[in-house]
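Here the structure comes first, spelled out in structure tokens, and everything after it is commentary.
These numbers come from the heavy atoms of this one structure, side chains and all, not from hydrogens, waters or symmetry mates. Remember, it's a predicted structure, so these values are computed and weren't measured experimentally.
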Amino acid sequence: MSRPKCLQVYVSDELAARARAAASASGLAISEWLRSVVVRACDNDLSVASDHSVLVKLYRQSLFA
């Protein structure tokens, strides 16, 4: 198995708090929760990527390195 790659994203304080709360409610570490959300979004899971305007807004607010 290859070594995991690091992705970095900058989000608002509000979005960070929401992501942490959702991860905690799921009983997952924030990195594992975010990984599952990214995987579902890449697999075109409609429950994650159903609102195009939300994705556009996230794209504008995010910076991936």
Side-chain angles (χ1 to χ4, degrees):
M1 184 171 154
S2 65
R3 185 179 172 124
K5 304 294 181 203
C6 178
L7 292 177
Q8 186 173 3
V9 61
Y10 296 94
V11 297
S12 67
D13 289 334
E14 177 188 359
L15 184 54
R18 290 177 64 192
R20 286 187 182 105
S24 178
S26 298
L28 297 171
I30 186 71
S31 59
E32 285 299 314
W33 183 84
L34 286 170
R35 181 189 174 283
S36 69
V37 170
V38 170
V39 167
R40 285 183 298 181
C42 289
D43 290 343
N44 294 318
D45 184 339
L46 294 177
S47 66
V48 173
S50 61
D51 189 351
H52 181 69
S53 64
V54 171
L55 291 178
V56 170
K57 184 176 179 181
L58 286 173
Y59 176 76
R60 278 191 247 126
Q61 292 179 348
S62 300
L63 172 66
F64 289 91

Worksheet item: L34 and V39: same hydrophobic cluster, using ILVMFWY side-chain contacts below 4.5 Å?
Response: no
Worksheet item: Do L28 and V37 belong together in a cluster built from hydrophobic side chains that touch within less than 4.5 Å?
Response: yes
Worksheet item: Quick one: side chain to side chain contact (heavy atoms under 4.5 Å, CB included) partners of A16, sequence neighbours excluded?
Response: V11, R20
Worksheet item: What residues, two or more places apart in sequence or in another chain, satisfy side chain to side chain contact (heavy atoms under 4.5 Å, CB included) together with V38?
Response: C42
